[in-house]
Amino acid sequence: MNKRMKINKLLYLDEAVDEVVVKGWVRTRRSAKGFSFIEVNDGSCLKNIQIIADNSQDNYDDICRLTTGSAVAVSGSVVESPGKGQKWEINAKNIEIISIAPEDYLLQKKRHSDEFLRTIAHLRPRTNKYGAAFRIRSELSYAIHKFFRDRGFRYIHTPILTGSDCEGAGELFQVTTLDMENMPRINGKTDYSADFFGKEAGLTVSGQLSAEMFALALGDVYTFGPTFRAENSNTSRHVAEFWMVEPEMAFCDLDDDMDVAEEMLKYLAGIVQKNCAEDIELFAKFIDKELKDTIQNTLSSDFERISYEEAINILEKSKKKFEYEIKYGKDLQTEHERYLTEEYFKKPVTVYNYPKDIKPFYMRLNDDNMTVAAMDILVPRIGEIIGGSQREERFDVLEARMKEMDMPLKDYWWYLDSRRYGSVPHSGFGLGFERLLMFLTGISNIRDVIPFPRTPKNIEF
RNA sequence: UCCCCGGUAGCUCAAUGGCAGAGCGGGUGGCUGUUAACCACUAGGUUGGCGGUUCGAGUCCGUCUCGGGGAGCCA
C-alpha cells in the first residue's frame, strides 16, 4: 500500500499519523547527538518537512552523508515537533537513499543571484523562489481557463505555424525545411515554392486573426498558447517565445472589451491572493515589499479609464521632464505610461481611443476618422500588460485601411471574407502571460517567470 | 540595435599601477532538539579572451565576448 503523502497535505494534518511515506529532495541536513535533522522538500509547497533520523537506523552513516539535493524516500510517523519553527515532523523508521547529489552540486542552502540561477535554469526550479514562481504560473494558467470557461468562452487552438507575415506585430521567425547551405534559387531569390508549404512560413506572432474567425462562429472564444517574436529586444520585459492569452468576442464593443479585461485581471489577482498565499508571502518578504498592496489594489479598485487625448493632457500638465516629448499623435513612451499608472493614478489605467496612425490595420476606425477603438491596460512597474481593440468589422473601411497601409490584400482573402459574410462588431485583447506573472509576483525580469527563456543569442536548455 | 555599468575561488564580493584576499559553500575533526546551527583545521585562482602601454597590469588603453540596468519595438 502506497502511503506516500505530499508535504503540502502533511503540514496541515489535524492529528498525528502513524505511518506515512514522504519522497523528496534534501534541502539541508544537521547532525545532533545521536540523530540527524533532515529537511525534505517535494515541490508540493514552499515549506519543507523536518525528518528526525536516529542512529539506530541501519544506514545511519549513509544518512549522515546526505547532501543538499539528494533524493530520499522516508517512512515513519508524523508527530508534533518539540522544537520551534514547525508543528509537525517525521520520526523516521526507514530512510531510503534514492540518490546522492555529489559535492559539485551547484545549489547551496543560501541565496543565489537570479543571474547565476539563469545559467543553471535546469536546476533553479529546485530553489524556493523559482519553485514558488512556477507553482504560481501553474495556478494562474488554470485560473485563466476557468475564468473563460465560467463565462461561456470556447478554447481555440490556433496554429503556431503561419503563412501570413504582416499580422502587424513584430518580426517573424522563419520556418523552413529547405537546405540552408544550398537554397533553391530563381532569379537570384530563394524559391519558396520548393519549401515545405510552398511559400514562406513562420512562427505565429499572434493568434488573433484566427481567433476572430472562430469568434464569428462560436461567439466568445480565447486562445492561450506560445507566441514568437524575432525582435532583437534586450530588456527585462521581452522574450522571443512567450505565452499569450487572447480572447475574442462577437457582438462586443470597446467598452465591453475593457470590462472583460479588467474583470479578468481582478479575478486573477484574487486567485493568486487566495490560492497562492504561502508562495506570495515569499515574494512579499524578499522580492517586493509592496506586492500584497499591489494585488489588493488591483482586485479592489476600479481601474482608471481615460482616452489617449486625456492621457496626453495629463502628461502635458504634469510639468514633469520627460526624455521624450509629449505630443498628440505620438505613442506613449514607457516613461509616460509609468507616470500615469505609478505616480498620477497609482493603480491600473486603461487608455483608449489612440490615433489610428500608431495602431495596426484591424482596429476599428472611430467616427472622428482620427482615432481607433484601441485600448491598453497599463499597470505599475510593468507598463502595458494588455493591448486590445474593437476590430474593424466594416468591409469597405477595412479594405481601404489595408490599401492605405500597402498590405497585400490577396493574402488576407479569408480575413476579408469574414467581413463579407455575416460580419458583426467584435473585440478582443492580448494579455502577456509572463508580464502578468511579473506583475503578480513582483519578479522584475521576464526571464525568471518562464521555465527556459529564449532571448537573442540564448537558446540554452 | 543604441546608451550606461560590470566579469577576481563553486557562489557573493574585497584588493592607491607593486606578494591575489574574505564570507559562504566543499572536505576533515569536534560540539550540540537543530532551524541559512555552531567551533577548529583544510583544499581551492591562466583575475572572461586577444592585443597594447609600463621596470611591473586584477587595476590604464584598444578590441571581442558574456552578464546586468535603461531605451527603442512590443505582450
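Note on naming: letters A, B, ... go to the chains in the order of the sequence lines (proteins, then strands), and numbering restarts at 1 for each one.
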In this structure, is the centre-to-centre distance between the rings of A:Phe35 and A:Tyr60 below 6.0 Å? no
Presence of A:Asn128 side-chain N/O under 4.0 Å of B:rA36 phosphate oxygens OP1/OP2: no
Could you give the CG-to-P distance, from A:Leu332 to B:rA75, as a whole number of Å? 14 Å
Hey, are A:Glu393 and A:Arg364 close enough for a salt bridge, meaning a charged N less than 4.0 Å from a carboxylate O? yes
Just how far, in rounded Å, is P of B:rA75 from CG of A:Asp376? 8 Å
Nearest whole Å is fine: how far is B:rA75 C1' from A:Glu248 CD? 15 Å
Pairwise P distance for B:rA37 and B:rA57, with rounding to whole Å: 44 Å
Any strand, both distances under 3.5 Å, Watson-Crick or G-U wobble: B:rU42 pairs with B:rG26
Would you say the rings of A:Phe147 and A:His145 are close, in the sense that their centroids are separated by under 6.0 Å? no
Are A:Tyr339 and A:Phe322 near enough that their ring centres are under 6.0 Å apart? yes
To the nearest angstrom, how far is A:His112 atom NE2 from B:rC24 atom P? 15 Å
Is the distance from OP1 or OP2 of B:rG70 to the nearest side-chain N or O of A:Ser236 less than 4.0 Å? yes
If only side-chain N and O atoms of A:Ser113 are considered, is one of them under 4.0 Å from the OP1 or OP2 phosphate oxygen of B:rU12? yes
Rounded to whole Å, how long is the line connecting atom CZ of A:Arg118 with atom P of B:rC11? 16 Å
Between B:rC66 (P) and A:Asn458 (CG): distance, integer Å: 10 Å
What integer number of Å spans the C1' atoms of B:rU59 and B:rU47? 10 Å
Under 4.0 angstrom, heavy atoms only, what part of the nucleic acid is A:Gln86 near: base, sugar-phosphate, or nothing? base
Is there a side-chain polar atom (N or O) of A:Thr119 under 4.0 Å from OP1 or OP2 of B:rG67? no
Under the 6.0 Å and 45° cation-pi test, does A:Arg151 pair with A:Tyr267? yes
Which nucleotide in B:rG10, B:rG68, B:rG72 has an atom nearest any side-chain atom of A:Lys110: B:rG10
Any A:Gln108 side-chain nitrogen or oxygen under 4.0 Å from OP1 or OP2 of B:rU12: no
I need the CZ-C1' distance between A:Arg30 and B:rC31, as an integer number of Å. 15 Å
For A:Arg65 and B:rG27, is the shortest distance between a side-chain N/O and OP1 or OP2 below 4.0 Å? no
Does a side-chain N or O from A:Lys33 land closer than 4.0 Å to OP1 or OP2 of B:rU32, or not? yes
Over 60° means perpendicular and under 30° means parallel, so tell me whether A:Phe148 and A:Tyr222 are parallel, tilted or perpendicular. parallel
Could you tell me how far B:rC13 sits from B:rG56 if I compare only their C1' atoms? Round to whole Å. 26 Å
Base of B:rA75 and ring of A:Phe433 stacked, centres under 5.5 Å, planes under 30°: no
What is the distance, rounded to the nearest whole Å, between atom CZ of A:Phe37 and atom C1' of B:rU34? 4 Å
